[in-house]
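Positions are given from 1, in the same order as the sequence printed here.
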Amino acid sequence: MSGFFSRLFGRDNSSQDGMKQYSGPYHNGKGTFQFTETAEGERVFEGPFKYKGILGNRDVQARGQYVNNRKEGKWVYQMSSPEYKKTITADYVGGQISGIMEYERHDSAFYNGMRTVLRVTVSDGKVCGAISGNFGEAVLQGTSDEESRADGRWQMKLEDKENGNREDIEVWEHGTLKETYALDGYERSKRKTYPRLRGLVNDILDNDLRKMINIVGRGEQTPALHVNQVKV
């Protein structure tokens with residue numbers, strides 16, 4: 001195949017074990033991956049995968065591994081624009097995120113230079129266990145139970161040497177909010193507040209996570225991830 005047609009349609013190379021390699025146009029970008037073919041000619045992705053493309057006005061990238069058409073092992077997704085750069089790193093088992101998922105966002109210096117980090121543990125399609133992160137200078141810690149319900153003590157701390165640190169606290173019991181308050185300043189004055197910590201986590205899970213893991217939708221089996229509250 002000539003160089004022109006290789007760039008236009010991509011290039012397939014075969015190995016002795018029947019594994020083929022493709023490198024060429026793929027969903028508004030370029031993909032490089034390995035695959036086998038069924039008797040009907042359907043591609044079954046196997047082995048390393050890389051993709052770089054455009055989604056709207058954003059540059060996107062993804063890399064990871066496939067086993068029998070499903071995502072497996074470590075996957076990394078990136079989305080960037082002049083305003084920000086976002087990265088998600090996640091462990092997969094059988095097409096589902098299983099283990100640690102880490103989200104990181106860097107806003108450009110022009111927009112405030114804020115850095116956001118979120119780490120959650122996922123098992124059986126649910127957020128369960130430790131939740132931690134940084135929202136600018138504020139440090140978040142929380143927990144969810146085996147049914148993906150907010151549980152235990154959630155807190156966000158913000159250091160302030162001039163006026164004294166601020167600490168927002170929410171107390172949860174298997175999805176039921178028991179108390180929410182803040183401790184302000186050097187006097188640690190307690191005041192009631194509106195709950196917002198769970199919402200900060202869910203905003204990332206509901207929006208950025210879902211959008212970014214679907215940069216490459218093939219072999220993606222992860223259900224919607226959400227930290228739940230029991231309705232009363």
Legend entry - Flag, side chain of Arg210 to backbone of Pro223, donor-acceptor distance under 3.5 Å: yes
Legend entry - Min side-chain heavy-atom separation Arg63-Val76 under 4.5 Å: yes
Inset, instruction - Supply the members, apart from Tyr181, of the Ile/Leu/Val/Met/Phe/Trp/Tyr cluster built from side-chain contacts under 4.5 Å; use none for a lone residue. - result: Ile169, Val171, Leu183
Legend entry - More than 12 heavy atoms of other groups within 6.0 Å of Arg105 CZ: yes
Legend entry - Minimum heavy-atom distance between Asp206 and Leu225, given as atom pair plus value: OD1-O, 3.5 Å
Legend entry - Shortest non-hydrogen separation from Thr222 to Gln96 and the atoms involved: OG1-CA, 3.4 Å
Legend entry - Euclidean distance, Lys211 NZ relative to Lys86 NZ, rounded to 0.5 Å: 6.0 Å
Legend entry - Spacing of CD1 belonging to Ile213 relative to CE belonging to Met101, to within rounding of 0.5 Å: 9.0 Å
Inset, instruction - Find the distance between CD (Gln78) and OG1 (Thr87) and round it off to the nearest 0.5 Å. - result: 4.0 Å
Inset, instruction - Over all heavy atoms of both residues, which pair between Val122 and Ile97 is shortest? Give the atoms and the distance, please. - result: CG1-O, 3.3 Å
Legend entry - More than 12 heavy atoms of other groups within 6.0 Å of Glu72 CD: yes
Legend entry - Side chains of Ser81 and Glu83, donor plus acceptor under 3.5 Å: yes
Legend entry - His174 vs Glu147 side-chain heavy atoms within contact, under 4.5 Å: no
Inset, instruction - Kindly say whether Asn68 contributes a backbone atom to a donor-acceptor pair with the side chain of Glu46 at under 3.5 angstrom? - result: yes
Inset, instruction - Give a yes or no answer on whether the side chain of Ser148 reaches the backbone of Lys126 with a donor-acceptor pair at less than 3.5 Å. - result: no
Legend entry - Side chains of Met156 and Leu200 in contact at under 4.5 Å (non-hydrogen atoms): yes
Legend entry - Distance in Å, Thr89 OG1 paired with Glu104 CD, rounded so as to fall on 0.5 Å steps: 8.0 Å
Inset, instruction - Quick one: closest heavy-atom pair of Gln65 and Gly47, and the distance? - result: OE1-C, 3.3 Å
Inset, instruction - Tell me whether the guanidinium CZ or amine NZ of Arg218 lies under 6.0 angstrom from the six-membered ring centre of Tyr51 and within 45° of its axis. - result: no
Inset, instruction - For Asn214 and Glu220, run side-chain contact (heavy atoms from CB on, under 4.5 Å): C-alpha distance rounded to whole Å, both residues' side-chain angles, the deciding distance at 0.1 Å, then the answer. - result: CA-CA 7 Å; Asn214 282 322; Glu220 179 62 60; 4.0 Å; yes
Inset, instruction - Look up atom CZ in Arg58 and atom CE in Met79, then write down how far apart they are to the nearest 0.5 Å. - result: 4.5 Å
Legend entry - Any Gln229 side-chain heavy atom under 4.5 Å of Trp172 side chain: yes
Inset, instruction - Would you kindly say whether Tyr66 and Gln34 are connected by a side-chain donor-acceptor distance under 3.5 Å? - result: no
Inset, instruction - For side-chain contact (heavy atoms from CB on, under 4.5 Å), just list the numbers for Met19 and Thr36, CA-CA rounded to whole Å, side-chain angles, deciding distance to a tenth of an Å, and then say yes or no. - result: CA-CA 5 Å; Met19 188 74 72; Thr36 59; 3.9 Å; yes
Inset, instruction - Please step through side-chain contact (heavy atoms from CB on, under 4.5 Å) for the pair Thr116 and Tyr103, ending with a clear verdict. - result: CA-CA 8 Å; Thr116 302; Tyr103 166 92; 4.2 Å; yes
Inset, instruction - Count the heavy atoms belonging to other residues, nucleotides or ligands that lie under 6.0 Å from CG of Asn207, then report whether that count exceeds 12. - result: yes
Legend entry - Same apolar cluster (I L V M F W Y, side chains within < 4.5 Å links), Leu177/Leu197: yes
Inset, instruction - Measure the shortest side-chain to side-chain distance between Arg149 and Val230 over non-hydrogen atoms and say whether it is less than 4.5 angstrom. - result: yes
Legend entry - Atom pair NE2/CG of His27 and Leu55 - distance to nearest 0.5 Å: 12.0 Å
Side-chain polar contacts of residues 130-140 - donor-acceptor pairs under 3.5 angstrom, sequence neighbours left out - could you list them?
none

Legend entry - Close side-chain approach of Gln155 and Asp168, heavy atoms under 4.5 Å: no
Inset, instruction - Could you tell me which non-hydrogen atom of Val227 sits nearest to which non-hydrogen atom of Ser144, and how far apart they are? - result: CG1-CB, 4.3 Å
Legend entry - Glu167 side chain reached by Arg188 side chain, heavy atoms, under 4.5 Å: yes
Inset, instruction - Measure up the Phe33 and Phe35 rings against each other and bin them: parallel (under 30°), tilted (30 to 60°), perpendicular (over 60°). - result: tilted
Inset, instruction - Identify the heavy atoms of Tyr84 and Asp107 that sit nearest to each other, and give their distance. - result: CB-OD1, 3.7 Å
Inset, instruction - Please report the C-alpha distance between Gln221 and Lys71 in whole Å, then the side-chain angles of each, then the deciding distance to 0.1 Å, and finally whether the side-chain contact (heavy atoms from CB on, under 4.5 Å) criterion is met. - result: CA-CA 8 Å; Gln221 304 290 323; Lys71 295 177 180 178; over 6 Å; no
Legend entry - Sub-4.5 Å side-chain heavy-atom contact between Ile100 and Thr121: yes
Inset, instruction - Keeping the roles fixed (side chain from Glu170, backbone from Arg196), state whether a donor-acceptor pair exists under 3.5 Å. - result: yes
